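Notes follow the structure.
Note that this is a predicted model, so its numbers are computed, not measured.
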Amino acid sequence: MSTEDNDKIIAELKAEIEALRTVISMTPGNVYWKNTDNIYMGCNNNVANLLSFSSFEDIVGKSAADIMPAELAKEIDQTDLSVILNGQEVCVEEVGYHADGTTPAVYLSRKVPLHDRNQQIKGMLGISFDITERKKFEETLRIAKEKAEAANRAKSQFLAMISHELRTPLTSILGFANLLESALPQHEKQEYIKHIANSGAYLLSLINSVLDYNKLENNKFELTQLPFNLKELIESVINMLSSNAKLKNLPLIFGFPDNIPQQMIGNSRALRQILINLIGNAIKFTEKGQVTVSIHLLKQTEDHINVQIIVTDTGVGIPSNEQQYIFKRFYQLGNVYTRNASLTGTGLGLAIVKKLIKLLKGKITVESKVNQGSTFTVTLPFQLNLHTSLPWLPYASNVKILVIQDKILRNNIHTMLENTMYDTSSSKEAISTLLSAHRSLQHYDIVLIDDNLKFADPDNLFKNIRQQNQLQQPLLILLTSESTATNSLFSEIQLQPDSTDIIAFQENLRLAWENWLANSGKFIGPSQNTRNPYVLLIEDNQLIQIIHTHMLEELGCKVDVTDSANDALNMLPNQYDMLFVDIGLPDIAGFELIQKIRQQHSGYTQMPIVVLTGYSEDEERDRCLRVGANEVAIKPVSKDTLQNIIDRYIIRN
């Protein structure tokens, strides 16, 4: 073979070797190889970059200990040496670092022995891929799977528990009702009636818990800020739960320090529910010892206050490993199938408490030891009520207000006019409404006019009202969303009320009314109804007919009853003082019935219509008010509730 041929072969071999080096250097993943002494003999570009080498050749002659931490190098050397000594391929996950040298990484490595032409092992070849992100994803999936399984177990336990909890009081109600059919002594009948009432109340609380949690989950829980007495509120909850404590001979201790004001402004409904759950749980999980409710002042300014409400018991306590779960929905201490009968519940109480406290911008903590008891500490901010009551209260029972609006106001006007005699009307019906009220001697004293009317201009409506000479002229107030609005026609202009600031709204209303009285020299007294109220109850459930009729008659009302909307329309010439309407009627829905009454019966444009319904969602309530209802009461309705409703709309001697 000539020299020229040899040179050509050598050149071709060099080209092949260079091409092979290029292929290896560009191979995906981390490629490296070692000799039998566990010394690196080469690598691809990825390994060089990972180890901050300027070239892949820089690794040649180095050991693992030369280029990585000793502990990591030891583990890698052991694996690589086992491949060389045993001649067996391995596939392992190895811990390493990213290029920054500090961030941990996980690699999937496949390592095989390298052989020479004589099939003797001369080293080891390794290929590794960074699977850090995949491992994170797998861990995320694992956690999500565990959470889903835990949630599914909790849901299954909740369904089993709620089925038991609902059926237990229902069994009591039906059982005692059957017993009452027997010939029993009067004292036993009274006792059974008490059990039925208690079971019904417990059943209602279960339903309310589920409904309230649903509202909280969907951000539909209203947090209207109203005045309340903090001490009286806590005492009322304690009095309500005291019978449960007495059954277990548990002292229920409460003290209210003198340095804490009692008159607050906040959401008393939410606070009441928080206290019922916390104090109720303390009693439920305590068999001996006592339950204590204490109040502490944290911070007070001129018009705001931060207080701590601490509920302490000497009960079973909560294991430390379970304390992180107790505020999660459906979570219950112990197995729902083996719990003591006294430890019943929905598993929603503390979840509701946590959400309510967050809405109130407070916080809750728990400290507990098994068999030593628990302490729940609630921190809440309140606005101080510098007034002892709502500013409008002195006029609430004798000043009638008409709100003129063509669409739902940009506020909660129904909350702003709490306990006030008021009606609503569209701008189309405004004049006829005022004239009709005047003819029936039920004139309006104040008219609130929305500045965003659809069918009229507020200025023109103002002029039209003032031109009605036969009217006893009311105070006209413009409700506007413009803070800088001015209008020479209106003697008073008020901003559209914020549903969280009832005090400011009613204070402005009071000042406007008193100024009007001073300038006009008038005194408007309440209208009197010298006979018993004549009401129509429209209800298709016969049992509820009996209950509501009996309540209304006990309150001094003359009651007509019908289960048909069409019959009710035919009965309207009887000139009722008030209608009570169910929404779910067999022939016409209550919404449509109310709308027909308001539109087709001129004598009933301002007669109070109160909806009594089992539908508790805000959508149904708002729809009732839009079609002309004055108020919505959710069943079951107590006699006290009916009394308050009647007193708001009918003034009697």
Side-chain angles (χ1 to χ4, degrees), residues 402-403 405 408 413-414 417 420-426 429 433 436-437 440 442 529 532-650:
L402 178 65
V403 181
Q405 59 186 81
I408 298 300
I413 193 69
H414 308 286
L417 298 177
T420 295
M421 295 190 301
Y422 80 98
D423 300 309
T424 59
S425 170
S426 69
E429 305 294 331
T433 297
S436 176
S440 62
Q442 299 287 329
N529 185 359
N532 289 335
Y534 187 17
V535 303
L536 175 61
L537 174 64
I538 308 166
E539 169 65 62
D540 66 322
N541 185 291
Q542 293 185 354
L543 294 179
I544 295 177
Q545 282 181 4
I546 294 171
I547 294 168
H548 287 172
T549 299
H550 186 72
M551 287 180 176
L552 289 167
E553 288 177 343
E554 283 191 339
L555 295 173
C557 296
K558 178 184 176 183
V559 186
D560 285 346
V561 182
T562 180
D563 60 2
S564 162
N566 283 313
D567 286 348
L569 290 170
N570 294 329
M571 297 168 71
L572 289 184
N574 291 341
Q575 292 299 313
Y576 295 103
D577 298 307
M578 181 178 286
L579 298 188
F580 291 96
V581 182
D582 182 25
I583 289 301
L585 297 172
D587 49 355
I588 300 175
F591 306 113
E592 186 179 347
L593 172 62
I594 296 169
Q595 200 164 30
K596 284 187 175 185
I597 292 171
R598 293 301 194 205
Q599 293 175 351
Q600 299 176 11
H601 294 263
S602 59
Y604 283 89
T605 56
Q606 291 304 310
M607 181 200 58
I609 298 179
V610 178
V611 173
L612 304 180
T613 179
Y615 296 101
S616 62
E617 293 302 310
D618 292 338
E619 289 83 356
E620 280 84 10
R621 177 183 178 276
D622 291 342
R623 187 177 175 188
C624 290
L625 297 173
R626 282 199 302 271
V627 297
N630 297 84
E631 189 163 336
V632 179
I634 306 302
K635 297 174 182 174
V637 180
S638 68
K639 188 166 72 172
D640 287 342
T641 298
L642 289 176
Q643 177 75 73
N644 290 334
I645 290 172
I646 292 170
D647 288 345
R648 276 202 294 277
Y649 296 103
I650 301 176

Closest non-hydrogen atom pair, Pro533 against Gly556: CD-O, 3.8 Å

Would you compute the distance between atom [atom1] of [X] and atom [atom2] of [Y] and round it to the nearest 0.5 angstrom?
{"X": "Ile594", "Y": "Gln599", "atom1": "CD1", "atom2": "CD", "result": "12.0 Å"}
{"X": "Met551", "Y": "Ser638", "atom1": "CE", "atom2": "OG", "result": "6.5 Å"}
{"X": "Leu642", "Y": "Leu612", "atom1": "CG", "atom2": "CG", "result": "6.5 Å"}
{"X": "Met607", "Y": "Gln575", "atom1": "CE", "atom2": "CD", "result": "9.0 Å"}
{"X": "Ile646", "Y": "Asp577", "atom1": "CD1", "atom2": "CG", "result": "10.0 Å"}
{"X": "Phe591", "Y": "Cys624", "atom1": "CZ", "atom2": "SG", "result": "4.5 Å"}

Answer yes or no: is there a side-chain heavy-atom contact under 4.5 Å between [X] and [Y]?
{"X": "Leu569", "Y": "Leu572", "result": "yes"}
{"X": "Val632", "Y": "Thr613", "result": "yes"}
{"X": "Lys639", "Y": "Gln643", "result": "no"}
{"X": "Asp582", "Y": "Asp540", "result": "yes"}

Test side-chain contact (heavy atoms from CB on, under 4.5 Å) applied to Ile583 and Val611, step by step: CA-CA 7 Å; Ile583 289 301; Val611 173; 3.6 Å; yes

For Glu631, salt bridge (charged side-chain N to carboxylate O under 4.0 Å, His left out) partners two or more places apart: Arg648

From CA spacing to verdict: side-chain contact (heavy atoms from CB on, under 4.5 Å), Val610, Leu579: CA-CA 6 Å; Val610 178; Leu579 298 188; over 6 Å; no

Distance-only check: which donor-acceptor pairs under 3.5 Å involve side-chain atoms of residues 541-549, not counting sequence neighbours?
from, atom 1, to, atom 2, distance (Å)
Asn541, OD1, Leu543, N, 3.0
Asn541, OD1, Ile544, N, 3.0
Gln545, NE2, Glu539, O, 2.5
Thr549, OG1, Gln545, O, 2.6

side-chain contact (heavy atoms from CB on, under 4.5 Å) partners of Thr562, counting only residues at least two apart: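 Scan of Thr562 (side-chain contact (heavy atoms from CB on, under 4.5 Å), adjacent residues dropped) gives Leu536, Ile538, Ser564, Asp567, Ala568, Met571.
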
Residues forming a side-chain contact (heavy atoms from CB on, under 4.5 Å) with Ala565, sequence neighbours excluded: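 With sequence neighbours excluded, Ala565 shows a side-chain contact (heavy atoms from CB on, under 4.5 Å) to Leu585, Asp587, Ile588, Leu593, given in chain and number order.
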
Test log, rule side chain to side chain donor-acceptor pair (under 3.5 Å), inputs Tyr422 and Asn630: CA-CA 8 Å; Tyr422 80 98; Asn630 297 84; over 6 Å; no

Step-by-step side-chain contact (heavy atoms from CB on, under 4.5 Å) determination, Phe580 to Val559: CA-CA 10 Å; Phe580 291 96; Val559 186; over 6 Å; no

Donor + acceptor pair across side chains of Thr433, Ser436 (<3.5 Å):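 No, Ser436 and Thr433 have no side-chain donor paired with an acceptor closer than 3.5 Å.
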
Set of side chain to side chain donor-acceptor pair (under 3.5 Å) partners for Glu592, sequence neighbours left out: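 Testing Glu592 for side chain to side chain donor-acceptor pair (under 3.5 Å), a comparison that skips the adjacent residues, returns none.
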
Side chain to side chain donor-acceptor pair (under 3.5 Å) involving Asn574 - partner list, sequence neighbours excluded: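 Tyr576.
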
Short side-chain to backbone donor-acceptor contact, Asp423 and Leu402, under 3.5 Å: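 No, Asp423 side chain to Leu402 backbone: no donor-acceptor pair under 3.5 Å.
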
